[in-house]
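Note that the numbering runs from 1 along the sequence shown for the chain.
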Amino acid sequence: MDNKPVVLVTRRLPAAVEQKLGERFTTLLNPEDRLYSSAELLNLAAQADAILPCHTEKFPAETIAKLPVRVKAIANFSVGVDHVDLQAAADKGIIVTNTPDVLSDATAEIAILLMLGAARRAGEGERLVRSQQWKDWSPDFMVGRQTTGKRLGILGMGRVGQVVAQRARGFDMKIHYHNRRPLDSEQAGDSIYHDSVESLLESVDVLSIHCPAMESTHGLINGKRLALMHADSILVNTSRGGVIDDDALVAALKSGTIGAAGLDVFNGEPDRIHPGYRELDNIFLLPHIGSATDETRKAMGYRAIANLVAIFDGAEPGDRVA
Ligand code: 8YV
């Protein structure tokens with residue numbers, strides 16, 4: 001028996017990541033990639049010095065309270081940490097880290113894909129071709145909305161939001177944003193700061209959501225706020241489903257309060273999402289694949305490993321969030 005620290009890896013990670021992790025740690029892997037129940041997670045954690053989970057494993061205060069004292073760290077394979085009660089972890093002296101930066105490009109690509117897919121009715125068109133229902137062409141066939149030169153609102157101008165803004169400038173879009181604080185002038189460039197969500201929503205043609213899920217952002221996009229957007233506007237979400245009030249968004253898409261939406265994240269994902277979404281044509285849906293590229297998934301794994309190495313070397317991990 002070697003005396004390497006033991007890391008419980010809750011999901012199957014890229015082989016190269018698992019191999020690298022194994023060079024420094026004893027790994028408890030999940031080769032079948034089964035989704036563990038909380039009870040299984042706690043059982044396995046009894047043998048672990050640290051846990052490397054995905055957002056699919058939940059760590060509410062009651063689970064954290066039951067973690068064995070030997071668990072020193074939760075090194076997430078994700079940038080979002082809404083699945084972990086950070087206060088409960090901090091109170092118990094458990095270090096929590098995430099994997100920022102490395103997934104910004106991949107997630108921004110998906111935001112742009114959702115914007116274009118929603119604007120140009122890509123889901124509808126794809127369904128038409130696949131189902132052999134495409135029978136005709138006419139000048140008013142599948143006319144969508146153009147995004148070139150339009151106003152893009154970024155809600156949460158952090159790392160991902162800034163990359164989305166950069167990509168959208170390639171479409172000559174004018175960037176507006178709301179953030180807790182305005183960016184410094186070098187980062188902001190020609191983008192326009194709004195000091196309230198309301199002012200942003202009133203001023204844009206496309207809204208892309210990039211704020212983290214937390215108490216203060218829960219249900220932020222509700223009926224009252226959606227009513228501030230115009231009838232041709234498009235809403236895109238690659239952050240977390242919790243930021244949106246689903247009933248309100250379904251109603252806004254049905255009534256024409258807004259024109260279209262593109263979503264990669266949902267309340268109740270994967271299998272209990274709002275049924276109204278599946279019935280609407282003016283929505284483009286993806287299954288939470290913002291960071292799902294080979295290079296990004298590897299980079300996320302290496303970033304989580306770097307955090308674990310720092311922790312077990314007694315150093316401060318680069319991406320500590322609690
Ligand atoms: C990941 C994400 O796929 O990192 C995040 O916060 O939402 C996704 O990009 C997922 O969380 C992996 O655990």
Side-chain angles (χ1 to χ4, degrees), residues 7 9-21 29-30 33 35-36 51-59 74-84 86 96-118 122 152 154-168 208-214 217 235-244 261-271 273 284-308 317-321:
V7 177
V9 183
T10 62
R11 303 299 302 267
R12 184 174 57 230
L13 300 182
V17 172
E18 291 189 347
Q19 196 199 327
K20 189 169 170 63
L21 186 68
L29 302 176
N30 181 0
D33 199 33
L35 199 57
Y36 294 140
I51 306 176
L52 197 167
C54 292
H55 78 280
T56 43
E57 287 67 54
K58 311 293 176 208
F59 293 89
I74 299 175
N76 290 292
F77 182 87
S78 67
V79 65
V81 286
D82 50 303
H83 56 291
V84 181
L86 297 182
V96 183
T97 59
N98 69 344
T99 58
D101 301 319
V102 290
L103 43 63
S104 303
D105 287 338
T107 307
E109 286 180 3
I110 289 292
I112 297 290
L113 174 62
L114 290 173
M115 175 181 80
L116 295 176
L152 172 63
I154 308 259
L155 182 53
M157 195 61 144
R159 298 169 176 96
V160 180
Q162 288 179 46
V163 180
V164 173
Q166 203 47 39
R167 302 293 176 267
S208 192
I209 302 173
H210 300 287
C211 53
M214 44 183 25
T217 60
L235 178 147
V236 166
N237 189 13
T238 51
S239 70
R240 284 291 184 268
V243 179
I244 289 178
L263 305 180
D264 182 51
V265 288
F266 303 86
N267 289 301
E269 62 180 56
D271 51 357
I273 73 169
F284 184 56
L285 305 170
L286 292 175
H288 199 149
I289 54 168
S291 64
T293 67
D294 185 50
E295 46 276 69
T296 291
R297 287 284 151 84
K298 282 186 187 139
M300 290 165 74
Y302 296 142
R303 189 101 176 196
I305 293 173
N307 286 320
L308 283 168
D319 305 312
R320 185 169 185 167
V321 291

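- Once rounded to the nearest 0.5 Å, the distance linking CD1 of I110 with OG of S208 reads 11.5 Å.
- Of all heavy-atom pairs between K298 and V17, the closest is O-CG2, 3.7 Å.
- Residue S104 holds its OG atom at 10.5 Å from NE2 of H210, rounded to the nearest 0.5 Å.
- Taking each heavy atom of A118 and A261 in turn, the nearest pair found is CB-O, 3.4 Å.
- Side chain of D264 to main chain of I289: a donor-acceptor pair is present (N/O by atom type, distance under 3.5 Å, no hydrogens or angles).
- We find the CG-CD distance between L13 and E18 to be 5.0 Å, quoted to the nearest 0.5 Å.
- Checked against R303 for a side chain to side chain donor-acceptor pair (under 3.5 Å), the options N76, D319, T99 give a single hit: D319.
- In terms of modelled atom types and a separation under 3.5 Å, the side chain of N307 and the main chain of N98 share a donor-acceptor contact.
- Note: M214 CE to L86 CG = 8.5 Å, rounded to the nearest 0.5 Å.
- For the pair V164/I112, a side-chain contact is recorded, criterion being any heavy-atom separation below 4.5 Å from C-beta on.
- Atom CE of M157 is separated from atom CD of Q162 by 6.0 Å, given to the nearest 0.5 angstrom.
- A donor-acceptor contact shorter than 3.5 Å links the side chain of T217 to the backbone of P212.
- Shown here are the side chain to side chain donor-acceptor pair (under 3.5 Å) partners of S239, two or more places apart in sequence or in another chain: N237.
- In this structure, the side chain to side chain donor-acceptor pair (under 3.5 Å) partners of Q166, at least two apart in sequence or on a different chain, are R169.
- Taking CE of M115 as the start and CZ of R167 as the end, the distance is 12.5 Å to the nearest 0.5 Å.
- The 12-atom threshold is not exceeded at CD of Q19, counting heavy atoms of other residues, nucleotides or ligands nearer than 6.0 Å.
- When each of E269, H288, H83, R11 is checked for a side chain to side chain donor-acceptor pair (under 3.5 Å) with T56, only R11 meets the rule.
- Applying the side chain to side chain donor-acceptor pair (under 3.5 Å) rule to E57 yields the partners T10; only residues at least two apart in sequence or on another chain are considered.
- At least one donor-acceptor pair under 3.5 Å links the side chain of N267 to the backbone N or O of I244.
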